[in-house]
Structures are given as C-alpha cells and as structure tokens.
Amino acid sequence: MTTPPTAEIPTQYDPAATEREWYSRWLAADAFKADPTRSRRAGGDRDPFTIVMPPPNVTAVLHVGHGLNNTVQDVIIRWRRMRGDETLWLPGTDHAGIATQNIVEKMLAREGKTRFDLGREQFVARTVEYVADTGGAILQQLRSIGASCDWTRTAYTLSPELSVGVREAFVQLYERGLIYRGHRVIHWCPRCLTSLSDEEAEHNDEMGALYHVRYAVLGEDNKWLTVATTRPETMLGDVALAVNPTDERYASLVGKRAILPIANIEIPIVADEYADPEFGTGVVKITPAHDANDYEVGLRHALPMPVIMNAEGKLENLSDAGERVPPELRGVDRFKAREIIVGILKESGALVRTEPHQHAVRHCYRCGTVVEPRLSDQWFVRMNELAAPALEGVRSGRIRVLPERWEAVYVNWLEGIRDWNISRQLWWGHRIPVWYCETNGCVTVSRDDVTQCATCGGPVRQDEDVLDTWFSSWLWPFSTLGWPDRSDVDLQAFYPTDDLITAPEILFFWVARMVMAGYAFMGDAPFHTIYLHGTVRDTNHVKMSKSLGNGIDPLDVVRLYGADALRYTVIAGMGMGADLVLDPHDLDRSFAPGRNFATKLWNIGRFLLTKVGDQPVAPVASITDSSLARSDRWIIARLNVAIAECDIAFGPARPSSGAWAPTQVHAGMRLNEYAESARRFVWNELADWYLESVKSRIAAGGEDGDVARAVLVHAFDGALRLLHPVIPFITEALWQRLPAREARDSELLCTAAWPQLTPQHGDADEFERVRECVDSLRAMRAEHAVPPGRMVHAVIVSTRTPELYTTEAALIGQLARATLTVGGRVDGPAMHALLPDGSDLVLSLGGLVDIEKERKKLEVELEQLEKQLGALRARLANESFTARAPAHIVDAERTKETDWAARVDGLHKKIHSLGAGH
RNA sequence: GGGCGAGUAGCUCAGCUGGUUAGAGCGCCUGCCUUACACGCAGGAUGUCGGGGGUUCGAAUCCCUCCUCGCCCACCA
C-alpha cells in the first residue's frame with residue numbers, strides 16, 4: 001500500500017469518507033474472514049478465537065443497545081485479531097417468531113385483515129416476503145459502526161441449514177425422553193393467541209382488588225364460607241373450595257358442599273395444604289383450568305377441570321363446563337365479565353367487601369397483554385437433566401460469568417428450573433416435527449417430513465404448532481458452524497467458542513439455555529466466558545427504547561461525529577456491568593468524550609506526521625541507548641506502561657487450562673480501563689509532553705533529529721495499535737500514513753500485531769524532573785499572573801542533579817516560556833515577586849529552603865511508617881495471630897513487612913542524601 | 001416474600017484483594033485563537049467517599065445497622 005504524502009492530510013477529519021474507504025478496504029482484503037484451516041483444532045498454527053453475535057431480530061433496526069453490544073464484541077475480536085488469533089465473529093439474525101408475526105399481523109390489520117383471512121400458507125409466504133425485503137437491515141447498519149464480522153458466514157435461525165439443526169435437536173431430545181407432550185395450565189396470551197414459556201410471561205406489580213365473596217354451605221342454614229379472590233371472572237370454573245387441613249375454623253366443614261354463586265352448582269369443600277390460613281379468609285376457591293396452583297389441587301383431589309374461557313379471553317362453556325356460564329356472560333371479554341360478575345354478586349349480597357390489593361400480574365413480553373393461565377396441551381422439554389451440566393460448568397470454572405454477581409443469578413435459576421414449554425400456536429417459526437396418524441392416532445417424531453404413517457401407512461397430519469424462537473437460538477453457537485454435521489470443518493475449528501457478550505435480560509432466555517444445549521448436543525460448554533454488559537439509559541435512568549421515544553439512533557451519532565466517536569464514548573463510559581447514561585436530547589454533550597478524542601487524535605496525527613515527514617525512520621531497537629534523549633527514554637517507557645495497562649485491562653483471553661484458575665476467573669474485560677490507558681498515553685503523554693519536547697530537535701535535524709523522528713513514529717505506531725480495537729477507522733487512516741519502516745508486519749492495521757514491550761536500559765524517570773520543573777514554573781507564572789506573551793527568568797538551584805537542568809535548560813525554557821540560569825544562589829524564600837521595575841520576573845526552583853521543608857516532611861513520614869512497622873512486627877510475632885489467621889493472610893503480612901522495611905530504608909537514605917547536600 | 005446492586009466533585013461514573021496528597025470525562029472559574037487541535041492549550045476551584053456504630057497502627061475499601069433508590073426472581077388466591 002502506498003504512503004500518501006503527509007502534506008495531503010486534511011485539516012478536518014472526515015469520518016464519513018474515512019469510514020467508507022477503510023471498511024471497504026478491510027472487506028476487499030478479507031480481513032474479517034476466518035480460515036478454519038489455520039485454527040489449531042484443525043491442524044493450523046493459530047489459536048482460534050470465536051464470538052457468535054447475539055442474533056438481533058431479523059426485523060430489527062439498529063438502536064443504541066445493539067450499538068453498545070456490538071461495539072464491545074468488536075473491540076474484543078479486533079484485539080484478538082491483532083494478538084494473532086484466528087478470529088471468527090459470526091453474525092446473523094433471529095427469525096423472532098412471535099415478534100415478527102406480530103409485525104406482519106399489524107400490517108395486515110391496516111389492510112383490514114387478519115392472518116386467518118389469508119390462511120397459514122399465504123401468511124407465511126407474506127412474512128417470508130417481508131423478511132426478504134426489509135429483514136437483516138440491521139446487519140448492514142452494523143457495518144457502519146465498524147463491526148468486523150465474517151459476513152460470509154452470516155446465519156439465520158430459520159434458514160434451511162439451521163432448520164436441520166432444530167429438527168435434529170428436537171428428535172434427539174425426544175429420543176432421549178426429554179421432550180414430552182403435557183396437559184397442564186400454561187401461560188396464554190389472548191392477543192397473540194399462543195402459549196408462552198414462564199420466562200415470556202413477565203411479572204409486574206399492579207394495584208388490583210381482593211373481592212370477598214361468600215358461598216353458601218349446603219345443608220347448613222345461614223352458614224357461609226367467604227373466599228377472597230382477585231379474579232372473580234374465573235369463579236364460574238370453580239370446582240371446590242379449599243381450606244388448610246390444620247385450620248380449625250373450618251375443620252367441621254371439610255367434606256361438606258357449597259353452592260357456587262351465579263352458576264348455582266354444588267362444589268365440595270376440601271382440605272389442602274395449598275390454602276394459607278394467613279391469607280384473606282383462609283378459604284380459597286379452586287379453578288383448575290384457569291390457575292396453575294388450582295390445577296395441582298385439582299389433580300390431588302381428582303376434581304373436574306371445566307374450561308370456561310376461550311382462547312381470546314372471552315367466557316364460554318368449553319370442555320366439561322356444562323352450562324356454568326349463563327347466556328348473558330357468554331362471549332364477554334374477561335375484564336368486562338369481571339365487572340358484570342362483581343355487579344351480580346353485589347346485587348345478590350354475595351359480595352361481602354372489596355379491598356385494594358397489590359399483586360404481581362403476568363404480561364406477555366411481546367405485546368404487554370395480561371397473560372391468562374389456561375389448561376392446554378403443549379410440548380415440554382424436561383430441564384432438570386439438561387441443567388445439571390450447565391450448573392457444573394460454572395461451578396467447576398469451565399465457564400465464568402462476568403460481572404461475578406450474575407453467577408449467583410444464573411445458578412439460582414438453574415437450580416429451580418422448570419420444564420420449558422416449547423410449542424407456540426403461531427405460524428411463523430419451525431413447525432414441530434411431529435406427525436399424527438389420522439387412522440390410529442400414533443405419533444411419529446422425525447428428522448424428515450413424514451407423508452404416511454409408519455405403522456399403518458395411513459394418512460398423517462403434522463402438528464400445527466411451531467417451536468419457541470429460543471428453541472432455535474439455543475443451538476446458535478454450533479448450529480451456525482454446521483451442526484449437526486460433526487465433520488464440518490468450521491465446527492471443528494471454532495467450537496467451543498470463546499466469549500458470549502450480551503445484556504443480562506436474556507441470561508435465562510438464551511445464555512443459560514445455550515450452555516445446556518452445548519453440553520446436551522456437543523458434549524461441551526459453548527463458551528468459557530459470559531460477559532454481561534450494562535443497559536443504555538436516558539438521564540432519568542429509564543432504559544432507552546424506540547417505543548418510549550427516548551432512544552438514540554446510533555446512525556445519527558455516526559453521521560454527526562463518526563463511528564469512532566460513538567464507539568469510544570460507549571466503551572470508555574461504561575464500567576464492567578454498569579449501565580451507561582446518555583442524554584438523547586443532547587448528543588453533543590453525550591458524545592463529547594468520543595468526538596473530542598477523535599478530533600484530538602486526528603490532529604496529533606496530522607501534526608506528528610507533518611513533522612516526521614516521508615523519509616523512512618530507523619527501528620527504535622537499532623538506536624543505541626546513549627543516543628536517546630531523556631524524553632525519548634521516557635516516552636518509550638510510558639508506551640510500555642500503557643501496553644502493560646491495556647493488557648491487564650483486557651486480561652486473559654481464555655483459561656490457560658480446561659478451567660479458569662481462581663486468580664484469573666474474574667480478571668480482565670475492563671474495557672473502560674483499556675480505553676483510558678490508551679487515551680492517557682497518546683493525549684497526556686505523547687501529545688502534551690513528548691510532541692512538545694521534540695519540536696526543536698526535529699527542526700534542527702541531523703542525527704538527533706532522526707532519533708526523535710524514529711521515537712516519535714515508534715510511540716505513535718504503538719498508540720495507534722493500542723487504540724485500534726476501540727477506534728478502528730481513524731487509527732487505520734493515520735497508521736497508513738506513517739513513514740515506511742522496516743519490518744512493517746501488515747498491510748493493514750486491523751491485521752497488524754498488538755504492540756510489544758520495548759526493552760529499556762537507561763533511567764526513564766529523569767524526564768519526570770523536567771516535567772515537574774515545567775509544572776512548577778507554569779504554576780508560578782499563573783500565581784503571579786504573568787501575561788502569556790511575557791518571558792520570565794528562572795533560577796534553578798539544584799544540589800542533586802545540576803547537570804540534568806543544564807542540559808535540559810533549553811527545553812524547560814521553551815515549555816515554560818522562560819530563560820534559565822542553573823546554579824547560583826537565591827536568598828530567602830524560593831518564590832520572588834515581580835522585580836520593582838516590572839521589567840522581569842525571577843522565579844527560582846529547588847532552593848535550599850525547600851530542602852529543609854522536605855526533610856521535615858520525610859521525617860514525619862518515616863516516624864509514622866516506623867510506628868506502623870513496629871505494630872505489624874508485633875502482630876507477626878504474636879503466636880495466636882499466626883496460628884489463627886489463614887496462611888495466605890500471614891504470608892501477605894510478611895510480604896508487607898518486607899515492603900515497609902524497604903521503604904523505611906529508602907526514607908533513611910533520602911533524608912541522609914538531603915542532609916549531605918546541605 | 002426471597003436475592004442482588006447502587007448511593008464518591010454540579011452531572012455521569014472509575015477507584016481490583018484496606019496503605020503516601022481519593023481520580024477521569026463533561027460542566028464551572030481565570031487567562032490564551034502560542035502557524036496540529038477553541039471538539040484546543042495553560043492554570044484553578046469543588047468531595048465530613050448516604051447516616052451511625054465497629055475491627056485495625058491505618059477504612060471510600062472489611063464487619064454490623066439504618067436510610068434512599070434501582071434491578072432480578074417468586075404458585076399466597
């Protein structure tokens with residue numbers, strides 16, 4: 001790749017042009033394309049590193065939550081790419097059964113139609129068409145924030161390839177006895193007309209009412225049992241009243257019968273543990289078909305289970321209901337029916353009283369409709385057996401959960417796991433691979449389509465239902481790599497994957513289930529790290545969402561400030577697992593950190609590259625230590641520190657053995673710390689100090705000028721490499737303009753190597769004295785309100801390193817706008833006021849007066865430290881302490897003792913040397 | 001009802017296993033358009049680290065307790 005003349009660097013950074021150019025060059029170079037043959041697991045020479053993208057809904061458009069999630073993934077994947085791994089970031093979309101179906105249904109509603117008007121086949125065709133037209137737009141949008149996915153492997157949960165996996169998984173589980181047909185009360189959404197899993201029915205606390213209704217006891221004049229209920233609309237489905245067996249108040253009534261109001265039928269009074277004597281009146285009505293608990297009671301007492309409400313939530317006499325629902329209530333919606341029933345009860349005197357009552361109500365997670373418990377037939381996955389290895393995986397350290405606190409949530413959920421209802425009465429999704437024989441009713445579960453009954457050859461009919469969307473996404477880490485074809489080279493090269501990066505909201509829906517599926521179908525965990533990042537919120541801490549209108553469109557941010565500004569802002573602004581607060585009404589302010597930094601970096605590059613010029617520079621390693629200036633050694637050391645800090649912030653990419661060591665399990669993934677370390681280096685060290693300090697050397701040219709150019713390029717090259725994962729576009733654009741050096745390791749920064757530490761010999765800290773000196777002089781100037789244009793004269797009195805100040809006098813003078821005299825004496829206090837004639841100002845630094853002061857300070861410090869050391873030694877000498885305390889504590893205290901003793905020693909020496917200079 | 005998290009500068013937050021003077025960004029004040037950058041430069045102010053107790057030579061950091069927010073889970077009708 002050619003290096004354009006630096007003179008052509010535009011003064012203004014143009015994000016749009018830069019991003020367009022470099023993204024297409026990366027793609028043209030296949031920089032993001034994973035090569036399975038290079039993975040060690042497939043005989044290659046590189047460690048594989050894989051992230052599967054949490055697939056957004058196929059109909060989704062990019063919002064800031066996606067922006068955050070995918071930026072985090074991209075930072076990690078770019079980091080590993082630079083570290084030399086064979087990286088695969090696998091993108092894709094989820095068909096999102098219920099969500100997508102809702103969207104198409106809404107479109108139809110605008111045409112005045114329902115899905116039933118179209119019929120199943122046409123409706124699905126219509127949805128396919130819609131998805132083909134507009135679906136997957138989000139994947140295009142991800143390119144504009146710089147996502148370095150392997151787009152050649154883009155997957156889709158409803159694609160033919162992945163659908164093979166879905167059937168395989170269903171059949172395998174069925175054959176292992178882990179899938180069964182169950183008749184029980186499930187969560188039902190009367191609007192979506194489908195069942196939901198427990199996770200899909202969300203709790204919300206709501207104010208409702210507790211209605212106290214009395215039921216006459218049969219054969220006992222004027223005896224009543226009062227029941228407290230929140231859902232009187234279901235009472236027509238009552239089949240019993242229950243009291244606690246230990247409840248003496250009602251002991252005599254157990255076995256008798258009561259009259260169900262309105263329906264006027266007799267129901268038994270039973271004793272069951274489920275009734276809580278403390279709650280309400282201690283009497284509970286039992287409605288088995290419309291309450292999960294009541295269903296259990298119904299089973300225990302062999303009660304009938306009349307269904308009095310239809311799929312749409314309207315009262316109706318269905319199975320076993322007889323004539324329970326009177327004509328005037330038939331076809332009435334459940335909430336309207338509640339009003340009417342309460343009215344009737346009030347009129348008849350059966351309603352004793354009504355009290356306000358707060359309780360949790362479940363809602364459909366897709367449309368918000370209040371969920372109705374409903375007795376029906378569904379397919380379930382038996383979860384206990386699947387959960388065991390998923391628990392063990394985390395407990396053994398095979399998988400880590402970050403931040404740590406989510407591990408307990410994960411464990412808690414798996415320990416109390418319940419069977420998973422996987423059938424949905426929808427049309428959009430994977431049809432359940434079960435066929436029923438029309439003749440003998442026998443059931444065939446098959447990987448391939450079945451056209452006739454295997455036993456009698458009669459006609460068959462496929463189950464009408466589709467599978468829960470999550471039944472396909474839980475297979476994602478391996479279905480996207482070719483499973484069930486176990487010989488697929490991608491599967492061998494990249495499974496198990498490495499990090500799973502997502503928001504905590506889908507920990508149960510998706511993450512935990514993927515772990516279970518990984519063990520169940522692949523025999524191993526699907527990843528070793530679960531990283532759960534925070535949520536983007538507005539200034540009121542409300543989660544950003546399109547529907548609430550408080551969202552931020554990442555593409556707006558890209559348009560205004562560039563993708564790098566967006567990326568840097570979200571990465572630098574978010575501690576591990578912490579939420580990110582942004583103001584949707586003030587993008588300028590919200591994204592100032594990224595925008596400012598991007599501009600600054602561009603200007604640093606522009607200036608630096610102009611100064612350095614086009615001529616090749618020598619590698620820093622080839623420069624002898626004696627040729628390096630103090631500032632050279634310092635900036636090289638600072639780069640080393642920055643590299644080390646970034647490495648620590650990222651932490652280990654994978655466990656060194658099969659499981660995470662206790663010392664590493666919670667290390668790393670501090671992306672904000674990584675970003676801050678890199679920013680500090682390039683801005684506060686390279687730009688603020690080093691760049692300023694080499695101006696004159698480069699202007700002077702010669703051998704020293706070349707050394708400065710070489711170090712400048714070295715330091716900037718290191719900075720660009722460090723920053724590339726978080727701000728890929730600017731860094732790539734600038735890196736390409738660095739003057740040619742030997743051993744450039746890559747045509748593109750995105751595939752170049754992560755920086756290595758530079759070996760150092762000389763004292764890198766001497767330049768700190770220069771900085772301190774300049775800082776002091778600047779502070780003095782400000783204190784004395786010296787006009788900026790005015791030179792001052794400074795006298796530096798140094799008893800320790802006069803040579804340092806002599807050789808650096810010109811530099812210090814330049815940085816602090818001062819002329820310097822090194823040596824000589826200044827009497828009295830160190831700081832002088834303006835000279836009487838106002839013509840000049842003399843500032844002095846490091847005078848003898850300060851030495852006295854410093855000495856006193858050190859002596860105080862020494863005294864304190866010696867006292868502390870004494871206390872520590874006393875503790876260590878105390879036998880009961882060493883016996884009682886755990887070994888590692890004692891060891892830590894011993895280490896501390898050594899450290900402190902060394903510090904005491906150092907202080908003694910320092911004080912001594914001050915005295916010597918006196 | 002159970003569990004978890006947060007409360008540190010005006011705002012948003014870092015501060016890892018207790019150890020010199022508690023940090024950053026944004027905002028604010030003063031002065032500068034110093035031929036890379038005003039999306040900048042130089043200097044500066046601001047914190048009884050939620051309250052109270054305790055452990056320790058030493059606590060923002062560990063323990064107890066209280067207060068205020070937030071989140072997750074949950075079959076008390």
Side-chain angles (χ1 to χ4, degrees), chain A residues 9 11-13 185 198 203 210 227-231 234 242 274-276 278-287 291-297 357 359-360 373 403 405-406 408-409 412-413 416 504-505 507-508 535 537 539 541 561 565 569 572-583 586 588-611 648 663 666-667 670 672-673 676 679-680 687-688 691-692 775 778-783 785-789 816-817 861 864-865 867-872 874-875 888 892 896 899-900 903:
Chain A
I9 305 174
T11 35
Q12 272 279 311
Y13 172 60
V185 172
D198 294 341
H203 289 277
L210 202 50
V227 166
T229 178
T230 55
R231 307 193 61 224
T234 64
Y274 168 64
D276 176 0
E278 303 296 314
F279 187 90
T281 59
V283 186
V284 59
K285 68 188 196 63
I286 301 302
T287 323
D291 184 284
N293 296 306
D294 294 4
Y295 174 74
E296 298 297 326
V297 178
H357 178 67
H359 61 139
R405 63 175 182 275
W406 288 106
V409 177
N412 186 46
W413 185 76
E505 293 124 68
L507 180 60
F508 307 143
T535 306
R537 299 179 182 279
T539 47
H541 291 93
Y561 318 115
T569 300
M574 197 179 63
M576 180 189 274
D579 290 343
L580 180 69
V581 177
L582 296 170
D583 186 352
D586 192 350
D588 246 19
R589 185 173 168 175
S590 292
F591 293 93
R595 180 201 54 178
N596 294 357
F597 182 47
T599 307
K600 180 70 181 181
L601 187 67
W602 182 256
N603 282 304
I604 292 169
R606 204 152 60 84
F607 180 60
L608 183 145
L609 294 169
T610 311
K611 291 283 174 204
I648 290 169
T663 50
H666 298 125
R670 266 74 177 176
N672 57 326
E673 291 177 18
E676 170 55 19
R679 185 208 65 84
R680 199 208 53 238
D688 289 351
L691 218 42
E692 294 296 331
D775 278 343
R778 282 175 176 167
M780 286 184 201
R781 287 185 66 109
E783 191 185 332
V786 180
R817 306 189 135 260
E861 198 183 328
Q864 279 179 351
L865 192 58
K867 212 171 100 190
Q868 291 168 11
L869 184 58
L872 183 62
R875 182 139 41 109
H888 72 275
K896 212 187 277 176
D899 287 353
W900 286 358
R903 267 169 70 192

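Residue numbering restarts at 1 for every chain, and letters A, B, ... go by the order of the sequence lines.
No engagement by A:A292 is indicated, since no non-hydrogen atom pair under 4.0 Å with the nucleic acid exists. Nucleic acid contact for A:F508: sugar-phosphate only, since backbone atoms but no base atoms lie under 4.0 Å from a heavy atom of the residue. Among the heavy atoms of the strands lying under 4.0 Å from A:V581 are primed sugar atoms or P, OP1, OP2 only; no base atom is included. Among the heavy atoms of the strands, none lies under 4.0 Å from A:H666. In this structure, A:A578 reaches the sugar-phosphate backbone alone: every heavy-atom distance under 4.0 Å involves primed, P, OP1 or OP2 atoms, never a base.
With the nearest nucleotide of RNA chain B identified for both A:M574 and A:E676, A:M574 has the one nearer the 5' end.
One finds the CG atom of A:L691 at 11.0 Å from the CG atom of A:N603 (value rounded to the nearest 0.5 Å).
For the P atoms, the distance from B:C64 to B:U17 is 16 Å, rounded to whole Å. Here the separation of B:U34 from B:G19, taken at their C1' atoms, is 43 Å to the nearest Å. Only the P atoms considered, B:C16 is 38 Å distant from B:A38, to the nearest whole Å. Taking atom P in both B:A60 and B:C66, one finds a spacing of 23 Å when rounded to whole Å.
For A:N293, the listed nucleotide lying nearest its side chain is B:C75; candidates were B:C75, B:A24, B:A77.
The pair A:R595-A:D588 meets the salt-bridge criterion, since a charged nitrogen lies less than 4.0 angstrom from a carboxylate oxygen.
Between A:H357 and B:A77, a side-chain N or O to OP1/OP2 separation shorter than 4.0 Å is present. The side chain of A:H541 places no N or O atom within less than 4.0 Å of a non-bridging phosphate oxygen (OP1 or OP2) of B:C11.
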Under a 4.0 Å heavy-atom criterion, the protein footprint on nucleotides 26-42 of chain B, written with B, S and -, is B----S----BB-BSSS

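Remark: RNA chain B forms stems of 3 or more consecutive Watson-Crick or G-U wobble pairs, all pair distances under 3.5 Å, at B:1-7 with B:67-73, B:10-13 with B:23-26, B:28-32 with B:40-44, B:50-54 with B:62-66.
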